[in-house]
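Once you've had a glance at the structure underneath, I'll fire off some questions.
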Amino acid sequence: QVQLVESGGGLVQAGGSLRLSCATSARTFSGITMAWFRQAPGKEREFVVGISWSGGRPNYADSVKGRFTISRDNTKNTVYLQMNSLKPEDTAVYYCAARASTIVSVVSGLYNYWGQGTQVTVSS
């Protein structure tokens, strides 16, 4: 069982930045893919970015390319999402997710583990 705990959400003005953190209880990232999803009110949960620990480049949604960056700290078992140039349409609850696979999927239903979510609100 893998536990995920997000933090770092908040209220920011358009053009600002936030960094989200996802602390995981996983003892090893080998064979695991980590991802961030988000869900705005009245909308379906959507893929933001994913990264496989087996290697390869992160996979970003077109809507966040060039603005968001995923990274990890293996010593802290933590994944980060740096969000720059935030827009009001980025407002959502952001979720960290993990799946026991080396392949990044954009389908939320293929992720086995989820955090509780953290609210990000971008004012115009």
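Keep in mind the model is a prediction, meaning the values are calculated, not measured.
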**Report entry** Any donor-acceptor N/O pair, Thr121 side chain to Leu11 backbone, under 3.5 Å
**Finding:**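 Pair absent, no side-chain N/O of Thr121 close to backbone of Leu11.
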Requested in this report: Look only at the side chain of Ser25 and the backbone of Gln3, and say whether a donor-acceptor pair between them is shorter than 3.5 Å.
Outcome: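 Yes, the answer is positive, given that a donor and an acceptor are paired below the 3.5 Å cut-off.
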**Report entry** Nearest-0.5 Å distance that lies between atom CD in Glu46 and atom OG in Ser108
**Finding:**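 Separation between the atoms: 10.5 Å.
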Query - Joint cluster assignment, Phe37 & Val49, ILVMFWY side-chain distance < 4.5 Å - result: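 As far as the 4.5 Å side-chain criterion goes, Val49 and Phe37 are not connected within one cluster.
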**Report entry** Thr69 side chain near Leu81 side chain, heavy-atom distance below 4.5 Å
**Finding:**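 Of all side-chain heavy-atom pairs linking Leu81 with Thr69, none is under 4.5 Å.
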Query raised in the report: Has the side chain of Arg99 got a donor or acceptor atom that lies under 3.5 Å from a matching backbone atom of Ile103?
Result: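 At least one qualifying donor-acceptor pair exists.
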Query raised in the report: Hey, does the side chain of Arg67 reach the backbone of Ser85 with a donor-acceptor pair shorter than 3.5 angstrom?
Result: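 A pair under 3.5 Å: yes.
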Query raised in the report: Any side-chain heavy atom of Phe47 within less than 4.5 Å of one from Val104?
Result: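 A side-chain contact exists here, since the closest heavy-atom pair is under 4.5 Å.
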Query raised in the report: Which residues pass the side chain to side chain contact (heavy atoms under 4.5 Å, CB included) test with Ala100, sequence neighbours left out?
Result: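 Applying side chain to side chain contact (heavy atoms under 4.5 Å, CB included) to Ala100 gives Asn112.
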Report task. Could you check Gln82 against Ser71 for side-chain contact (heavy atoms from CB on, under 4.5 Å), going step by step and ending with a plain yes or no? Result -> CA-CA 8 Å; Gln82 178 67 43; Ser71 63; over 6 Å; no
Query raised in the report: Is Tyr60 reachable from Leu20 through a run of hydrophobic residues whose side-chain heavy atoms are each under 4.5 Å from the next?
Result: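 Yes, same cluster.
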Query raised in the report: Do Cys96 and Trp36 have side chains that get closer than 4.5 Å, going by heavy atoms?
Result: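 Yes, their side chains come closer than 4.5 Å.
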Query raised in the report: Which heavy atom of Ala14 sits nearest a heavy atom of Ser124, and at what distance?
Result: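 So the two residues come closest at CB-CA, 4.4 Å.
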Query raised in the report: With distance as the sole criterion, is a donor-acceptor pair present between the side chains of Tyr94 and Arg38 under 3.5 Å?
Result: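 Checked: Tyr94/Arg38 side chains pair up, N/O donor to acceptor below 3.5 Å.
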Query - Ion pair check, Lys87 and Asp90, cut-off under 4.0 Å - result: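 So Lys87 does not pair with Asp90 through a salt bridge.
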Requested in this report: For Asn84 and Ser17, test the side chains for any donor-to-acceptor distance below 3.5 angstrom and give the result as yes or no.
Outcome: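 Note: Asn84 and Ser17 side chains meet the donor-acceptor criterion.
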Query - Qualifying residue for side-chain contact (heavy atoms from CB on, under 4.5 Å) with Val79, from Ile70, Asp73, Thr24 - result: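 The option that passes is Ile70.
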Query - In one Ile/Leu/Val/Met/Phe/Trp/Tyr side-chain cluster, 4.5 Å: Leu86, Tyr80 - result: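 Different hydrophobic clusters.
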Query raised in the report: If two hydrophobic side chains count as joined below 4.5 Å and joins carry through other members, does Tyr113 share a cluster with Val48?
Result: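 Hydrophobic grouping puts Tyr113 with Val48.
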Query raised in the report: Hey, what do you get for SG (Cys22) to CZ (Arg72), rounding to the nearest 0.5 Å?
Result: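 The distance works out to 13.5 Å.
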Requested in this report: Taking all heavy atoms of Lys76 and all of Thr78, pick out the closest pair and write down the distance.
Outcome: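 Taking Lys76 first and Thr78 second, the nearest heavy atoms are O-OG1, 2.8 Å.
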Query raised in the report: Out of curiosity, does Ile51 fall in the hydrophobic cluster containing Val64 (side-chain heavy atoms, cut-off under 4.5 Å, transitive links)?
Result: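 Shared cluster, yes.
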Requested in this report: Indicate yes or no for a side-chain donor-acceptor contact from Thr91 to the backbone of Val122 under 3.5 Å, with no hydrogens or angles considered.
Outcome: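 Checked: pair present.
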Query raised in the report: Taking all atoms of both residues into account, what is the closest heavy-atom pair of Gly31 and Thr102, and its distance?
Result: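 Closest pair (atom of Gly31, atom of Thr102, distance): CA-CG2, 3.9 Å.
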Query raised in the report: Are Trp114 and Arg45 close enough that some pair of their side-chain heavy atoms sits under 4.5 Å apart?
Result: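 They are in side-chain contact.
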Requested in this report: Verify, without hydrogens or angle tests, whether Glu6 (side chain) and Gln116 (backbone) share a donor-acceptor contact under 3.5 angstrom.
Outcome: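 Between the backbone of Gln116 and the side chain of Glu6 there is a qualifying donor-acceptor contact (under 3.5 Å).
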